[in-house]
Structures are given as structure tokens and as C-alpha cells.
Student: 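Dropping a structure here in C-alpha cells format, bear with me for questions.
Whatever order the structure lists ligands and atoms in, that order sets their numbers, starting from 1.
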Amino acid sequence: MAESLEGKVAVVTGAGSGIGRAIAEALRDAGARVVVNGRSEKKLATYAPGDDLVTVAADIALPDTAENLLATAKDKFGGCDIFVNNAGLFASGGIDEIDIDAMCAMVRVNVEAAFRAAYVFARHLRAQGTGHLITTSSILGTKVRPIASAYAGTKYAVEAMTEGLRMELADTDVKVSCFQPGLVMTDLHNHMDVHPKEASGMDTPLTPKDVAECVMFMLTSPPNVFIPRMMIVPKETAI
Ligand SMILES: NC(=O)c1ccc[n+]([C@@H]2O[C@H](COP(=O)([O-])OP(=O)(O)OC[C@H]3O[C@@H](n4cnc5c(N)ncnc54)[C@H](OP(=O)(O)O)[C@@H]3O)[C@@H](O)[C@H]2O)c1
């Protein structure tokens, strides 16, 4: 039987828009209390207010943010059961085109900040003995494509991190997992001259809600059932 998330406490990074937002809304709908993080206060202000939600506008790449998110969850809701390690950026381009500064900024968020946050929450969950740490990887965490080597590298890194933490916590009731979306229609690619939907000729990419439904399946699996990783792609993806 699916586990109830009623009363559980979750922290979701990168929840101002897109996948993180859809997961935060789904957690809320399932009765969880949620701390949502993003950089833009304006985006976070569009959540419906309620006793079950706290917004924290902060750059996850700053050294204190993950600790502050955990402290907020403990202070406002008495603990933290689920950490959705989702904030991310996308910088791509060929050797001559890629903006190297943007690429390095992406590495700081997708790798450094994701690792820092994962370890902060892993320590908390291990001490608690239960919980779920789930990280947003990508289909590019399993396959490198030309012009996206740096992004793929960041997602390969979180795949390795997830696997290592999973093995370290295997003898506890803490679940450590990740999911690997294919193309999802979010703000992630808005800065690109040619959107990947156009470039790929794909008709029906995923929606954030499609992904959130799959993630909720992972988060509500019974205690004896564990899905270490889930790939979620548009049906028309040739994989
Ligand atoms: N869309 C896809 O096709 C796809 C596919 C595979 C994996 N993913 C992954 O899914 C995750 C979510 O992306 P998305 O597609 O939902 O894009 P999105 O709508 O642009 O969401 C990304 C979120 O991350 C936040 N963020 C970025 N840098 C941050 C920072 N330094 N500190 C705090 N928050 C930060 C953004 O907040 P602000 O706007 O407030 O900065 C935004 O809310 C990323 O890890 C991405 O790599 C996406």
C-alpha cells in the first residue's frame, strides 16, 4: 500500500518554477508541509499561502543556504522527512559558442550546491534513521550529447553522489534516490536561441506535472519497496 505523506515535512530546492514547483504542489496536495526554495522572491510569492508552506528565497550555491533550509523546516514544522534536491541550471553550446562563465556557474549550482545540500540533509536523515533524499538528475546523467557535455557532467556527478550515499545509508531506513527526466517544458531552456523542443522536433515533451506524478510514486512507495532511480521520458524519445 502507498505510504501516506500526511503531516510529513519536505524541503524542495528550485521550487520557484518547473519540476520543483510541481513536486512541491503535489507534496502539499498529499498533506505534507513544505519548505520551498528558489532565488526569485517574486516566483515564490505566487504560491497559495497556508500554514503548510514556508518560502525561503535564497541562492542554494551560498554556503549557508542548505543548513538554513533544514533549520527552517525544524523550526517551523518540527523536522524534515523528505529532501528534494532539485535546483539546477542548463548551459550548453559548442566549443566556440558556450559561455564559459555560465557553464561554471551551472557547475556550482548543479554540482557544488547539490552535493553540499545532499550531505547536509543526509546527516540529518541518518541521525533520524528514516526519510528520503531525492535528487533531480537527467536523461543526460546517463548519456552524453555533443554541446551538452558540461551539463551531462553535472548530472553524472549527482548520479555518483546518489549511488554513494545510497550505499552508505543502505543499512538504515533512509532512501536515497534520483530521477532522470527527458525533455520537460519548463523555464530551463528559455535563454536558448533554439529551444530543444524545436531542435528535437518533439511534439509532446513532458510537463512538470508528469514528472511530479512519477516522483510522488517514488516518494509514496511502501517502506519495503525502493526505487533507486527512475528514468522519465516523453514516449517519443528514441532510447
Ligand atoms: N526541463 C528539463 O527538460 C529537465 C530535464 C532533466 C532534468 N532537469 C532538471 O530539473 C531541475 C529543475 O529544472 P526545471 O526544468 O524545472 O527548470 P526551471 O523551471 O528553470 O526550475 C529551476 C529552478 O531552480 C532554481 N534555481 C536555479 N539556480 C538556483 C540557485 N542558485 N539557488 C536556488 N534556486 C535556484 C530556479 O529558481 P529561480 O528561478 O528563482 O532562480 C528555478 O526555480 C534541474 O535540476 C534541471 O537540471 C530538467
Side-chain angles (χ1 to χ4, degrees), residues 11-26 34-47 55-69 72 83-92 102-118 134-145 148 150-159 161-162 178-192 195-200 202 204-212 214-215 229-234 236-237 239:
V11 173
V12 186
T13 67
S17 56
I19 295 168
R21 180 161 190 135
I23 293 171
E25 300 278 20
V34 189
V35 177
V36 289
N37 156 256
R39 285 174 304 188
S40 158
E41 278 184 35
K42 204 169 151 198
K43 286 186 189 173
L44 295 176
T46 61
Y47 273 93
T55 63
V56 179
D59 185 341
I60 194 69
L62 295 177
D64 292 342
T65 302
E67 290 281 7
N68 288 343
L69 291 173
T72 302
F83 177 53
V84 185
N85 196 12
N86 168 75
L89 299 171
F90 184 79
S92 65
M103 178 177 77
C104 293
M106 170 185 72
V107 173
R108 280 196 293 279
V109 174
N110 293 16
V111 181
E112 183 183 323
F115 272 63
R116 186 188 291 277
I134 186 162
T135 298
T136 308
S137 174
S138 167
I139 191 171
L140 294 184
T142 69
K143 239 177 188 358
V144 179
R145 301 238 170 90
Y151 179 78
T154 69
K155 295 304 185 178
Y156 269 64
V158 297
E159 290 281 337
M161 174 193 79
T162 301
C178 65
F179 58 97
Q180 304 158 333
L183 183 60
V184 191
M185 292 306 284
T186 66
D187 296 343
L188 193 73
H189 307 105
N190 282 357
H191 61 284
M192 295 174 73
H195 194 278
K197 179 176 186 299
E198 224 178 291
S200 65
M202 203 178 278
T204 50
L206 301 172
T207 65
K209 194 160 177 278
D210 293 328
V211 178
C214 295
V215 170
R229 62 167 73 96
M230 183 188 274
M231 185 178 284
I232 312 158
V233 294
E236 60 189 310
T237 302
I239 189 140

Student: Rounded at 0.5 Å granularity, tell me how far CZ in F90 sits from CG in N110.
Tutor: 10.0 Å
Student: Side chain or backbone of P196 under 4.0 Å from ligand 1, or both, or neither, by non-hydrogen atoms?
Tutor: neither
Student: I need the contact type for H189 against ligand 1. Using non-hydrogen atoms and a strict under-4.0 Å cut-off, is it side chain, backbone, both or neither?
Tutor: side chain
Student: Among V56, D59, N86, whose heavy atom sits nearest atom 45 (O) of ligand 1?
Tutor: N86
Student: Measure P208 to ligand 1 on non-hydrogen atoms and call it side chain, backbone, both or neither using the 4.0 Å cut-off.
Tutor: neither
Student: Could you tell me whether N37 approaches ligand 1 through its side chain, its backbone, both or neither, with non-hydrogen atoms closer than 4.0 Å?
Tutor: side chain
Student: Which of the listed options, S17, A15, A24, holds the heavy atom that is closest to atom 18 (P) of ligand 1?
Tutor: S17
Student: Below a 4.0 angstrom heavy-atom separation, can you tell me which part of Q180, side chain or backbone, both or neither, approaches ligand 1?
Tutor: neither
Student: Atom 46 (C) of ligand 1: which protein heavy atom is closest, and how many Å away?
Tutor: Y151 OH, 3.5 Å
Student: When you measure from atom 10 (O) of ligand 1 to every protein heavy atom, which one gives the shortest distance, and what is it?
Tutor: T136 CG2, 3.2 Å
Student: N86 side chain to G14 main-chain N or O, any donor-acceptor pair under 3.5 Å?
Tutor: yes
Student: Taking heavy atoms and a distance under 4.0 Å, where does M185 meet ligand 1: side chain, backbone, both or neither?
Tutor: neither
Student: Which option wins on minimum heavy-atom distance to atom 5 (C) of ligand 1: S138, G14, G182?
Tutor: G182
Student: Counting from 1, what ligand 1 atoms have a heavy atom of D187 closer than 4.0 Å?
Tutor: 19 (O), 20 (O)
Student: Using a 4.0 Å heavy-atom threshold (strictly under), name the region of V109 that reaches ligand 1: side chain, backbone, both or neither.
Tutor: side chain
Student: Report the nearest protein non-hydrogen atom to atom 35 (C) of ligand 1: residue, atom name, distance rounded to 0.1 Å.
Tutor: A87 CB, 3.8 Å
Student: Please confirm whether the backbone N or O of A87 pairs with a side-chain atom of T13, one donor and one acceptor, at under 3.5 Å?
Tutor: yes
Student: Relative to ligand 1, is F90 under 4.0 angstrom through side chain, backbone, both or neither, heavy atoms considered?
Tutor: neither
